[in-house]
Amino acid sequence: MGNRGHVAERRKTRPAVLGGAIAVVVGGVGFGAYALLGGGAAGDGTRTASAQQAEEVRTGPLSAAEVTDTAERFLTAWQSGKVSEAAAVTDDPKAAAALLTGYAEDARVKDVTLTAGTRTGAKVAFSVKGTVSHGDLAAPLAYDSALTVVRRAGDGAPRVDWRPAVLHPDLGDGDRLVTGEAGTPPVRALDRDGGELTTRKYPSLGTVLDGLREKYGEKAGGEAGVELRVVRGKESKKAELSDKTLLELSEGTPGTVKTTLDPSLQAAAEEQVAKKAKASVVVLRASTGEILAVANSSHGFNTAFQGSLAPGSTMKVITSSMLIEKGLASMDEKHPCPKYFSYGGWKFQNDDKFQIKDGTFKASFARSCNTAFISQAPELEDDDLTEQAQQVFGLSMNNWQVGVPTFDGSVPVQSAAPMAASLIGQGGVRMNPLNMASVSATVKAGVFHQPYLVAPEVDGRKLATASRTLSAGTLAQLRELMSYTAAYGTAAEAMAGVSGETGAKTGSAEVDGQKKPNGWFTAYRGDLAAAGVVQAAGHGGSTAGPIVAALLKSGG
């Protein structure tokens, strides 16, 4: 299949130097054995450090000799097919033995050559070459991996810290490698104009194309080929990902699936996210829910569709609709925005501890005043925000049928301080750019249209709906709040030059352990709605804002 790249082979033209010692080929099998400086070769009458410490608990940092000797024993045993010996050199022999056995029997990898590279502290990089065979078919396999040596609990003996990723970097806990007829035939994915979608043309689409194959491979009329693939386990931390093809022995015959992606907008989205690390963006047609573009600067996980991140102040669009409906806020009426507000034992504050004296709710929304929203928590029931998100915006019900795997947002029922924090997109609230683009689309269209990548007519699936819409008066106020923010508020700089009927909201979400917050931005222009996030980058207006605004302009 054209969009699935084979694992690249890295050539090595000279012996690797490891910790001051030279790796050499021994026995004609191509494994780097180490001449350990100061360690003494076998049979020279010198006791090694490991022998001297065998009867006592070893502590302290690992020596270079311990790391290289452990790596050598593990890689030599693995290459020789001695599974039990290799597994015994790890800190989890049972798990290691299972995967190493499967490597030969299920993945059908033979003639394995392992070549050690540079040691960095306790970590040793190595390259893998082998042949994958299935019946009369065979193909070369090559990739790079690494192992880390640790002290075993109890006696401190050096052992390989066993992780499935040691066997292959794409493996997570519970995953396994399998070679055989593909579970599903390949698909040839097309954009809305009939052009083929490939990762060469659109690097972000790897996970999307995997998802399309998983969903439509058997329905699109293709025939399965033979391939080496990662089969995800239910317990895997990567279980939300689709199975991944690593190597094709025979391509099979692809079926065809047409998507809603717009080729020019998709190209523009790829270009925009490439400018920043950990950036993701989605563009929708507000009146229908069609997904016109999706892009991530990090290609291993589709954060744009499957991310689960606190959305920060972009959540205030949903919160505002609720407060207006309940009569707790009105755009032109005075609304409190103090420096601080305490609720449920937490003390909340605004960015830089600003306050707005005698200001309106419109001013608080445009400047993104946290306390203006937190101050209304005493007037709310614990489930009010959850119901608003579900009933009006179609979120947090886990029922979207997009055509590929998605996370449909989460607004859990909370109480006390966490409930108050959820009003400003913190607490337990979790979203991604697809969810927040849909929020802007709902405001613009006046009704929730579930986003979709493949038309429901293709397979007869039923799209999710919301149980009610906002009143005309509430909707008019919400649009005015977003329009004012785009023109005069925190979104104004990013939206400068975006003409027509516009609305926007910025957001910054604090994340434990990050020096800078995640920057969020959601907006609409005409019939386009978009949202983006740039992780650990700062305020949304200056990080995600330019990405979203550029796409709204280019789709104009």
Side-chain angles (χ1 to χ4, degrees), residues 2-3 187-212 215-216 220 256-275 279-297 299 302-306 400-404 406 432-442 444-445 449-458 463 495 497-504 521-533 544 546-556:
N3 61 291
V187 296
R188 181 172 176 263
L190 306 179
D191 62 37
R192 64 189 304 110
D193 296 335
E196 185 172 3
L197 298 168
T198 67
T199 53
R200 177 175 294 182
K201 188 185 296 184
Y202 307 113
S204 283
L205 293 184
T207 53
V208 172
L209 296 174
D210 288 339
L212 288 171
K215 176 76 172 178
Y216 297 101
T256 299
V257 178
K258 190 173 184 178
T259 72
T260 58
L261 293 178
D262 179 278
S264 60
L265 267 175
Q266 181 62 35
E270 298 276 356
E271 181 181 353
Q272 287 298 318
V273 298
K275 297 176 181 180
S280 302
V281 70
V282 172
V283 184
L284 305 177
R285 189 177 301 283
S287 60
T288 62
E290 294 169 273
I291 298 171
L292 304 178
V294 50
N296 302 279
S297 56
H299 302 155
N302 190 357
T303 301
F305 281 4
Q306 295 175 278
W400 289 14
Q401 299 290 325
V402 173
V404 295
T406 61
N432 54 48
L434 177 64
N435 307 146
M436 296 315 301
S438 180
V439 168
S440 280
T442 299
K444 178 60 181 67
H449 294 288
Q450 186 225 282
Y452 63 89
L453 185 68
V454 176
E457 295 78 16
V458 170
L463 300 185
M495 293 292 284
V498 182
S499 59
E501 186 180 359
T502 63
F521 199 93
T522 184
Y524 62 80
R525 177 200 183 195
D527 197 27
L528 294 183
V533 61
I547 294 174
V548 171
L551 294 176
L552 294 179
K553 288 180 183 178
S554 64

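Only this structure's heavy atoms are used, side chains among them; waters, hydrogens and symmetry mates stay out.
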Practice prompt. Rounded to the nearest 0.5 Å, what's the gap from CZ on Arg188 to OG1 on Thr198? Could you check?
Written response: 10.5 Å
Worksheet item: Is there a side-chain contact between Ser438 and Gln450 (heavy atoms, below 4.5 Å)?
Response: no
Worksheet item: Ser297 side chain to Ala279 main-chain N or O, any donor-acceptor pair under 3.5 Å?
Response: yes
Worksheet item: Hey, does Pro433 have a side-chain heavy atom less than 4.5 Å from the side chain of Val281?
Response: no
Worksheet item: Would you find a donor on one side and an acceptor on the other, under 3.5 Å apart, between the side chain of Gln266 and the backbone of Val294?
Response: yes
Worksheet item: If you take all heavy atoms of Thr260 and Arg192, which pair is closest and at what distance?
Response: O-NH1, 2.6 Å
Worksheet entry | Donor-acceptor contact present, side-chain Gln401 to main-chain Pro456, <3.5 Å | no
Worksheet item: Is there a side-chain contact between Leu552 and Met495, using heavy atoms and a 4.5 Å cut-off?
Response: yes
Discussion item. Can you confirm whether Val208 sits close enough to Tyr202 that some side-chain heavy atom of one is under 4.5 Å from a side-chain heavy atom of the other?
Written reply: no
Worksheet, complete the sentence: CG (Asn302) and CG (Asn432) are apart, to the nearest 0.5 Å, by 8.5 Å
Response to the item:
Output for pair (Glu290 CD, Asp262 CG), nearest 0.5 Å, gives 10.0 Å
Worksheet item: If every non-hydrogen atom of Leu284 is compared with every non-hydrogen atom of Gly289, which pair is closest and at what distance?
Response: CD2-O, 4.1 Å
Worksheet entry | Closest contact, heavy atoms only, Thr406 versus Gln306 | CA-CG, 4.1 Å
Worksheet item: So, for Tyr216 and Val257, which heavy atoms are closest and what is the spacing to 0.1 Å?
Response: CB-CG2, 3.6 Å
Worksheet item: Rounded to the nearest 0.5 Å, what separation is found between the CG atom of Asn296 and the CD atom of Glu270?
Response: 8.5 Å
Fill in: For Leu434 against Val282, the heavy-atom pair lying closest together
N-CG2, 3.8 Å
Worksheet item: Out of curiosity, Leu292 CG to Leu551 CG, how far, rounded to the nearest 0.5 Å?
Response: 10.5 Å
Fill in: Least distance between heavy atoms, Ser440 atom then Thr522 atom
OG-OG1, 2.6 Å
Worksheet, complete the sentence: Rounded to the nearest 0.5 Å, the OG atom of Ser287 sits from the NZ atom of Lys444 at a distance of 8.5 Å
